[in-house]
Q: 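Below: one structure in structure tokens.
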Amino acid sequence: MKNTFTILALLIFSQVFSQEKSELKTTFSGFVETYYSYDFNQPTTDSKLPFMYNYNRHNEFNINIGLLRAKVEYENAYAVLSLQSGTYVDDNYANEKIKYLNEAYVGLYLDRSKKQSIEVGILPSYLGFESSTTATNLTLTRSILAENSPYFMTGVKYNYKPSDKWNFAALLTNGWQRINKPQKDVAPSFGTQIVYKSSVNSTLNWSTFVGKEFNGIDYSMRYFSNLYFDKKWNDKWRTIAGFDYGLQDLSSKNSTSESWLSPVFIAQYVINPKWQTAFRTEYYQDEKNVIIATNDEFKTLGFSLNFDYIPNSKVKLRTEARYFDSKKEVFAKGSDVVNSNFFLTTSLSFEF
């Protein structure tokens with residue numbers, strides 16, 4: 001009799017477990033990107049440019065980012081965990097104790113139609129149009145405005161999608177790309193996002209950030225706006241036009257503030273299913289070095305041209321030439337400082 005009850009209990013447990021397991025949906029994905037970059041200014045430091053965080057090693061082969069991602073879904077809840085490593089992580093997470101988590105958050109749908117949801121944890125940034133898994137970007141390297149705005153945000157995000165055309169979001173975070181709060185008395189930062197998709201090939205996005213950030217002396221208010229329009233015109237052409245504008249108080253004791261801004265335009269042309277190219281022009285102005293810390297005013301015009309070879313849907317081989325021209329001498333060249341910078345970058349990536 002005892003054995004009969006034991007067998008019956010095991011059968012019931014296995015049945016319950018199999019039912020729960022069948023309702024769980026787990027997906028795994030990954031991305032790894034190798035690269036080589038040559039800077040004609042011949043930098044003497046480990047990092048080529050202090051305001052860039054991708055492909056930022058000179059004359060060496062390296063890993064920009066290796067990423068493993070798992071997503072688990074169960075009924076109206078889901079969780080995402082991404083592990084990362086590479087020179088991007090070393091540079092961009094230099095001040096963080098937690099470096100090797102790219103994403104770590106839990107989400108919950110608030111209604112049956114899944115129009116509303118809440119996500120909590122380390123989230124991908126809602127600011128900008130270029131991601132850290134760079135194979136999805138139109139250009140190989142990220143734009144200056146993208147490199148100098150958050151890659152990730154830590155906090156809580158509320159999403160509301162009333163239709164296929166509109167999406168709204170509001171966030172409370174620990175600050176401007178920060179996992180831990182710098183001081184206990186600093187209030188959470190606030191962010192918003194409005195996305196309008198007139199069609200599957202057209203996206204208009206406006207995102208904002210408001211919060212206290214370090215100004216060199218203490219913590220004062222920062223206001224930031226990111227606006228971009230992404231349009232796929234046909235099977236050959238796609239363009240992105242973006243504009244960032246930021247404002248930060250110089251002190252918490254007065255209302256004096258400084259601003260920075262950056263327009264960018266990117267055009268991609270698909271030559272054939274195996275080859276594509278993209279051209280970028282951009283300008284970044286940060287006169288008082290609020291975001292980009294250089295020895296002088298940062299007023300830089302940039303151009304880039306890349307060619308991509310896509311042998312299959314998982315692999316991408318990319319080569320890019322990029323040139324910066326500054327009104328002031330802000331680029332290191334050996335022991336000197338010059339007003340221009342030119343470098344070549346090649347990457348080979350695989351995603352699954």
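Only this structure's heavy atoms are used, side chains among them; waters, hydrogens and symmetry mates stay out.
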Q: I'd like to know if the side chain of Asn41 reaches the main chain of Pro43, judged simply by a donor and an acceptor atom lying under 3.5 Å from each other, with no hydrogens or angles considered.
A: no
Q: Would you say the side-chain atoms of Asp244 pair up with the backbone N or O of Val264, donor to acceptor, closer than 3.5 Å?
A: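 No, Asp244 side chain to Val264 backbone: no donor-acceptor pair under 3.5 Å.
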Q: Which pairs count as salt bridge (charged side-chain N to carboxylate O under 4.0 Å, His left out) when at least one residue sits in residues 138-155, sequence neighbours excluded?
A: Arg142-Glu147
Q: Does Lys231 make a cation-pi contact with Trp233 (under 6.0 Å, within 45 degrees of the axis)?
A: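 The answer is yes, since Lys231 meets both limits relative to Trp233.
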Q: Please check if the side chain of Thr34 supplies one atom and the backbone of Leu348 the other of a donor-acceptor pair under 3.5 Å.
A: yes
Q: Quick check for you: to the nearest 0.5 Å, what is the distance between Ser225 atom OG and Trp206 atom CH2?
A: 6.0 Å
Q: Exactly one of Tyr228, Tyr196, Phe229, Tyr126 should register a side chain to side chain contact (heavy atoms under 4.5 Å, CB included) with Asn205. Which one does?
A: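 Testing Asn205 for a side chain to side chain contact (heavy atoms under 4.5 Å, CB included) against Tyr228, Tyr196, Phe229, Tyr126 leaves exactly one candidate, Tyr228.
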Q: Got Asn180 and Asn174 here, is their nearest side-chain heavy-atom distance under 4.5 Å?
A: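 A side-chain contact under 4.5 Å is absent here.
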Q: Centres of the Phe343 and Tyr55 rings: under 6.0 Å?
A: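 Between Tyr55 and Phe343, which both carry aromatic rings, the centre distance is not below 6.0 Å.
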Q: Taking the basic N atoms (NZ, or NE/NH1/NH2) and the acidic carboxylate oxygens, is any pair closer than 4.0 Å for Asp90 and Lys99?
A: no
Q: Does a side-chain heavy-atom distance below 4.5 Å link Leu204 with Leu227?
A: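 The answer is yes; the side chains approach within 4.5 Å.
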Q: Looking at OG1 of Thr300 and CG of Asp325, how far apart are the two atoms once the value is rounded to the nearest 0.5 Å?
A: 8.0 Å
Q: Around atom NZ of Lys288, are there more than 12 heavy atoms from other residues, nucleotides or ligands closer than 6.0 Å?
A: no
Q: Specify the closest pair of heavy atoms between Ala169 and Lys157, including all atoms of both residues, with the distance to one decimal.
A: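 Minimum heavy-atom contact is CB-CE, 3.7 Å.
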Q: Would the distance check show the side chain of Ser220 and the main-chain N or O of Asp249 forming a donor-acceptor pair, the cut-off being under 3.5 Å?
A: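 Indeed, once roles are kept as given, a pair shorter than 3.5 Å links the two residues.
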Q: Would you confirm whether Glu96, through its side chain, and Ile179, through its main-chain N or O, come within 3.5 Å as a donor-acceptor pair?
A: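 Checked: pair present.
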Q: Take Glu297 and Lys327 through the test salt bridge (Lys or Arg N to Asp or Glu O under 4.0 Å) and record every step on the way to the result.
A: CA-CA 8 Å; Glu297 296 177 357; Lys327 291 186 177 182; over 6 Å; no
Q: What about Phe51 and Phe298, are their ring centers closer than 6.0 Å?
A: yes
Q: What are the two closest heavy atoms between Leu317 and Thr346, and how far apart are they?
A: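 Looking at all heavy atoms of both residues, the closest pair is CD1-CG2, 4.1 Å.
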Q: Take Arg222 and Ser189, measure what side-chain hydrogen bond (donor to acceptor under 3.5 Å, both in side chains) needs, and give me the verdict at the end.
A: CA-CA 9 Å; Arg222 176 177 295 179; Ser189 301; over 6 Å; no
Q: Before you tell me yes or no, could you show the steps for Glu23 and Tyr74 under side-chain hydrogen bond (donor to acceptor under 3.5 Å, both in side chains), namely the whole-Å CA-CA distance, both residues' side-chain angles and the distance that decides it to 0.1 Å?
A: CA-CA 6 Å; Glu23 294 176 355; Tyr74 181 73; 3.2 Å; yes
Q: Ignoring hydrogens and angles, tell me if any N or O in the side chain of Asn295 forms a donor-acceptor pair with the backbone of Glu329 under 3.5 Å.
A: yes
Q: Could you note down all residue pairs passing salt bridge (charged side-chain N to carboxylate O under 4.0 Å, His left out) where residues 163-183 supplies at least one of them, sequence neighbours left out?
A: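 Listed by first then second residue: Arg178-Glu213.
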Q: May I ask you to test the Asn54-Thr141 pair for a side-chain heavy-atom distance under 4.5 Å?
A: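 No, their side chains stay 4.5 Å or more apart.
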Q: Heavy atoms, side chains only, cut-off 4.5 Å: are Tyr35 and Arg57 in contact?
A: yes
Q: State, with a plain yes or no, whether a side-chain heavy atom of Thr277 is found less than 4.5 Å away from one of Leu305.
A: yes
Q: What is the distance from atom OG1 of Thr256 to atom CG of Asn215, rounded to the nearest 0.5 Å?
A: 11.5 Å
Q: Verify the neighbour count for atom OH of Tyr158: are there more than 12 heavy atoms of other residues, nucleotides or ligands below 6.0 Å?
A: yes
Q: For Phe190 versus Ala170, what's the shortest heavy-atom pair and its separation?
A: CE1-CB, 4.4 Å
Q: My understanding is that a hydrophobic cluster links ILVMFWY residues whose side chain heavy atoms are under 4.5 Å apart, including indirect links. Using that, what else belongs to the cluster containing Phe214?
A: Val186, Tyr219
Q: Could you tell me if the ring centre of Tyr105 sits under 6.0 Å from that of Phe152?
A: no
Q: Who are the salt bridge (charged side-chain N to carboxylate O under 4.0 Å, His left out) partners of Glu287, not counting sequence neighbours?
A: Lys299
Q: Can you confirm whether Asp111 is buried at CG, in the sense that more than 12 heavy atoms of other residues, nucleotides or ligands lie under 6.0 Å from that atom?
A: yes
Q: First locate atom CD of Glu73, then atom OG1 of Thr26, and finally report the distance between them rounded to the nearest 0.5 Å.
A: 8.5 Å
Q: I want to check something: taking the side chain as every heavy atom from C-beta on, are Asn102 and Leu68 in contact at a cut-off of under 4.5 Å?
A: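 The answer is no, as the side chains (C-beta and beyond) never meet within the 4.5 Å cut-off.
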Q: Hey, do the aromatic rings of Tyr53 and Tyr88 have their centres closer than 6.0 Å?
A: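 Between Tyr88 and Tyr53, which both carry aromatic rings, the centre distance is not below 6.0 Å.
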Q: Indicate yes or no for a side-chain donor-acceptor contact from Asn289 to the backbone of Asp296 under 3.5 Å, with no hydrogens or angles considered.
A: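 Answer holds: yes.
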Q: Check the surroundings of atom CG in Asp46: do more than 12 heavy atoms from other residues, nucleotides or ligands lie under 6.0 Å from it?
A: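 Check fails, neighbour count at 12 or below.
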Q: Is a side-chain donor or acceptor of Asn148 paired with a backbone partner of Ile144 at a separation under 3.5 angstrom?
A: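 The answer is yes, because a donor-acceptor pair under 3.5 Å joins these two groups.
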Q: Please report the closest heavy-atom contact between Asp286 and Ile292, naming both atoms and the distance.
A: OD2-N, 2.9 Å
Q: Heavy atoms, side chains only, cut-off 4.5 Å: are Val210 and Tyr223 in contact?
A: yes
Q: I'd like to know if the side chain of Asn56 reaches the main chain of Lys48, judged simply by a donor and an acceptor atom lying under 3.5 Å from each other, with no hydrogens or angles considered.
A: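 At least one qualifying donor-acceptor pair exists.
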Q: How many angstroms lie between atom NZ of Lys236 and atom CD1 of Ile271, to the nearest 0.5 angstrom?
A: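 Going from the NZ atom of Lys236 to the CD1 atom of Ile271 covers 8.5 Å.
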Q: If you look only at distance, which donor and acceptor atoms sit under 3.5 Å apart when one is on a side chain in residues 307-316 and the other is two or more places apart or in another chain?
A:
{"from": "Asp308", "atom 1": "OD1", "to": "Asn306", "atom 2": "ND2", "distance (Å)": "3.1"}
{"from": "Asp308", "atom 1": "OD1", "to": "Arg318", "atom 2": "NE", "distance (Å)": "3.1"}
{"from": "Asp308", "atom 1": "OD2", "to": "Gln276", "atom 2": "NE2", "distance (Å)": "3.3"}
{"from": "Asp308", "atom 1": "OD2", "to": "Asn306", "atom 2": "ND2", "distance (Å)": "3.3"}
{"from": "Asp308", "atom 1": "OD2", "to": "Arg318", "atom 2": "NE", "distance (Å)": "3.2"}
{"from": "Asp308", "atom 1": "OD2", "to": "Arg318", "atom 2": "NH2", "distance (Å)": "3.0"}
{"from": "Asn312", "atom 1": "OD1", "to": "Lys314", "atom 2": "N", "distance (Å)": "2.9"}
{"from": "Asn312", "atom 1": "OD1", "to": "Val315", "atom 2": "N", "distance (Å)": "3.0"}
{"from": "Lys316", "atom 1": "NZ", "to": "Ala135", "atom 2": "O", "distance (Å)": "2.8"}

Q: Can you tell me how far the CG atom of Leu261 sits from the CG atom of Leu247, to the nearest 0.5 Å?
A: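 Rounded to the nearest 0.5 Å, the CG-CG separation comes out at 11.0 Å.
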Q: Ignoring hydrogens and angles, tell me if any N or O in the side chain of Asn137 forms a donor-acceptor pair with the backbone of Thr139 under 3.5 Å.
A: no
Q: Consider only side-chain heavy atoms of I, L, V, M, F, W and Y, link residues closer than 4.5 Å, and tell whether Ile291 and Tyr151 are in one cluster.
A: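 In one cluster: no.
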Q: Looking only at heavy atoms, which two atoms of Thr173 and Met153 are closest? And how far apart?
A: OG1-CE, 3.8 Å
Q: Does the ring center of Tyr78 lie less than 6.0 Å from the ring center of Tyr109?
A: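 Between Tyr109 and Tyr78, which both carry aromatic rings, the centre distance is below 6.0 Å.
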Q: Around atom CG of Asn95, are there more than 12 heavy atoms of other residues, nucleotides or ligands at under 6.0 Å?
A: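 Atom CG in Asn95 is not packed in, count stays at 12 or less.
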Q: Decide side-chain hydrogen bond (donor to acceptor under 3.5 Å, both in side chains) for Thr133 and Glu351; before the verdict, give the C-alpha distance in whole Å, the side-chain angles of both, and the deciding distance to 0.1 Å.
A: CA-CA 9 Å; Thr133 51; Glu351 60 181 334; over 6 Å; no
Q: Under the rule for ring pair (Phe, Tyr, Trp, His ring centres under 6.0 Å), what residues qualify as partners of Phe28, not counting sequence neighbours?
A: none
